[in-house]
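By convention in this document, chain letters (A, B, ...) are assigned in the order of the sequence lines, proteins followed by strands, and residues within each chain are numbered from 1. Because the structure is a prediction, the values reported are computed rather than measured.
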2 protein chains.
Amino acid sequence: MDTREHIIDLAEELIRTKGYNAFSYGDIAGVLHIRNAAIHYYFPSKADLGVAVVDRELEKIAQSRVEWATLPADQQLRKVVENFYTGSRKGWICLNGSLTPDYLTLPDPLQKKVKIMCQAVLDWMTACLEKGLEDGTLQFEGTPAGRALLVMSALLSSLLLSRVLGKEVFDSMLDQLLKDIHLQNNRS
Amino acid sequence: MDTREHIIDLAEELIRTKGYNAFSYGDIAGVLHIRNAAIHYYFPSKADLGVAVVDRELEKIAQSRVEWATLPADQQLRKVVENFYTGSRKGWICLNGSLTPDYLTLPDPLQKKVKIMCQAVLDWMTACLEKGLEDGTLQFEGTPAGRALLVMSALLSSLLLSRVLGKEVFDSMLDQLLKDIHLQNNRS
DNA sequence: TTGTTTACTTACTAGTAAGTAAGTAAATTG
DNA sequence: CAATTTACTTACTTACTAGTAAGTAAACAA
């Protein structure tokens, strides 16, 4: 019954399926059976709505980091992969995969948030890989920071490409990706 | 002086910087000092223009495959990487990186072309990695098809992420990526 | 009970989008 | 030379878009 949260939910879905520039307040209003102006009441500009979506994602990331902090690195990674698997089934790409291609067209405050979000994901992934080396649950070539970029990149692209080329692509990519860090893929 | 080609040039630039949904005929008309309707003369609908951009890219891919066919696999890959490096310097992402996130919003004929383009890049990359195993210029874990997905993914994402996080990201990713296929990065 | 805030709606503006129809000057063709 | 095609322009329509201003019914607070 929380209209504000409903709006953010739908905005996230629209951004992750159609992209920031391809959705309008009308899309959301239609589903929620309210008027466009009601959305402007909560989010005066579309930029504000975009920022709210990214802010909520940033909170989720921060929460997960705390919540999973005590788990071994391989289990943390499995949980991340699980999230991407859920997205893939729904045909949703990740926020970074949706917002970074449109980066140059985004309003300034949203650009800043996207930058923060990218860095947050990368930092988390780097920390996770570092921990994996320490607790012995992961092994890979190169530095944790460099490997983190490739892992992030593969996760992002797996959603983009599997939507176009078919879901097998998602499994195939994750299989190869996890082997690169010596993590057994227990889905395939 | 070939207006038609000029229009495709600009459309490609716009798609690769701002995205398909964020550019208009007006953007192109303004630069070329012609009217919107002149663009409709060559490309009746925006879908036609999008298709023309992808078709030209498909031709370039086919041409390169033929032209480089006799080169060792590592040299072929270096040429591909060179292309991405050029894109990165200009802040252009690749067509797949731009069009796959918007996939669900694209007009049907353009969706079909994007699918064909993705598959063409993937096929070429797979063939290239296979050849690398045969001619001994490349070594990697897993199958050529699986590795090709990761290479393609890393190239695509390197452009997306380096625009947001800084150009160092591009170098860092390519370094790690090339090491995974035992190809020395002669740029860093 | 009165005043204020919350959560909207109605009605509107101004701008931009793709796309079309009709006209035209210049080049090309028969 | 006449007819036609090429490469546009002008002028327009239709459909959205984000965003705003003013109003309102219900809930809440003093």
Side-chain angles (χ1 to χ4, degrees), chain A residues 1-15 17-54 98-99 101-114, chain B residues 1-54 56 98-99 101-114:
Chain A
M1 283 301 159
D2 187 340
T3 305
R4 195 189 141 91
E5 210 66 20
H6 270 40
I7 293 169
I8 300 180
D9 284 345
L10 270 169
E12 182 185 342
E13 173 173 352
L14 287 163
I15 290 173
T17 50
K18 305 173 59 177
Y20 181 80
N21 289 317
F23 88 91
S24 74
Y25 276 28
D27 295 331
I28 294 171
V31 174
L32 295 188
H33 304 294
I34 55 177
R35 304 291 159 175
N36 278 11
I39 305 174
H40 281 286
Y41 168 72
Y42 292 101
F43 305 99
S45 78
K46 197 178 171 184
D48 295 318
L49 178 52
V51 165
V53 169
V54 176
S98 174
L99 293 172
D102 290 342
Y103 190 68
L104 299 183
T105 73
L106 300 178
D108 197 62
L110 188 48
Q111 275 194 357
K112 291 201 172 80
K113 286 289 175 185
V114 169
Chain B
M1 281 298 163
D2 186 341
T3 306
R4 195 189 142 90
E5 211 66 20
H6 270 39
I7 293 169
I8 300 181
D9 284 344
L10 270 169
E12 182 184 341
E13 172 173 353
L14 287 162
I15 290 173
R16 292 179 60 181
T17 50
K18 303 172 61 176
Y20 181 80
N21 289 316
F23 89 91
S24 73
Y25 277 27
D27 294 331
I28 295 172
V31 174
L32 295 188
H33 304 293
I34 55 177
R35 304 292 159 177
N36 279 11
I39 305 174
H40 281 286
Y41 169 72
Y42 292 102
F43 305 98
S45 78
K46 198 179 170 183
D48 296 319
L49 177 52
V51 165
V53 169
V54 176
R56 199 176 66 172
S98 176
L99 293 172
D102 289 343
Y103 190 68
L104 300 183
T105 75
L106 300 179
D108 198 64
L110 188 49
Q111 276 194 356
K112 290 199 172 80
K113 285 291 174 184
V114 169

Report summary line: Separation between CD1 (I28(A)) and CG (D9(A)), nearest 0.5 Å, reads 10.0 Å
Report task. Test T105(B) against Y20(B) for side-chain contact (heavy atoms from CB on, under 4.5 Å), laying out the working first. Result -> CA-CA 9 Å; T105(B) 75; Y20(B) 181 80; 5.5 Å; no
Requested in this report: Check each of P107(A), P109(A), S45(A) against V51(A) using the side chain to side chain contact (heavy atoms under 4.5 Å, CB included) test, and report the only one that passes.
Outcome: P109(A)
Requested in this report: Output, in order, the C-alpha distance, side-chain angles, deciding distance and verdict of side-chain contact (heavy atoms from CB on, under 4.5 Å) for F23(A) and L10(A).
Outcome: CA-CA 10 Å; F23(A) 88 91; L10(A) 270 169; over 6 Å; no
Query raised in the report: So, Y42(B) side chain and L49(B) main chain: donor-acceptor pair closer than 3.5 Å or not?
Result: no
Which atom pairs link the protein and nucleotides 10-15 of chain C when you take only N or O atoms and keep those under 3.5 Å?
unit_1	atom_1	unit_2	atom_2	d
dT10(C)	OP2	R35(A)	NE	3.0

Report summary line: Contacts of K18(A) meeting salt bridge (charged side-chain N to carboxylate O under 4.0 Å, His left out) (sequence neighbours excluded), chain-then-number -> D27(A)
Requested in this report: Work out which heavy atom in F43(A) is nearest to a heavy atom in Y25(A); give both atom names and the distance.
Outcome: O-OH, 2.9 Å
Query - S45(B) side chain near dA18(C) phosphate (N/O to OP1/OP2, under 4.0 Å) - result: no
Query - K46(A) NZ to D48(A) CG distance, which is reported to the nearest 0.5 Å - result: 12.5 Å
Query raised in the report: Going by number, which of residues 23-30 of chain B have a non-hydrogen atom under 4.0 Å from DNA chain C?
Result: F23(B), S24(B), Y25(B)
Requested in this report: Rounded to the nearest angstrom, tell me the gap between atom CD1 in I39(A) and atom P in dT20(D).
Outcome: 15 Å
Query raised in the report: Between Y42(B) and dC8(D), does any side-chain N or O lie under 4.0 Å from OP1 or OP2?
Result: yes
Report summary line: Atom CZ of R4(B) and atom C1' of dC8(D) are separated, to the nearest Å, by 15 Å
Report summary line: Rounded to whole Å, the NE2-C1' distance (H33(B) to dA7(D)) equals 18 Å
Query raised in the report: Quick one: D48(B) CG to dG19(C) C1', roughly how many Å, whole number?
Result: 12 Å
Report task. Verify the contact: side-chain N or O of T3(A) to OP1 or OP2 of dC8(C), cut-off strictly under 4.0 Å; return yes or no. Result -> yes
Query raised in the report: Out of dT9(C), dA18(C), dA7(D), which nucleotide sits closest to the side chain of Y41(B)?
Result: dA7(D)
Report task. Take I39(B) and L32(B), measure what side-chain contact (heavy atoms from CB on, under 4.5 Å) needs, and give me the verdict at the end. Result -> CA-CA 10 Å; I39(B) 305 174; L32(B) 295 188; over 6 Å; no
Report summary line: L49(B) CG to dG19(C) P, in whole Å, measures 10 Å
Requested in this report: Let me know the distance between NE2 of H40(B) and P of dC12(D), rounded to the nearest Å.
Outcome: 17 Å
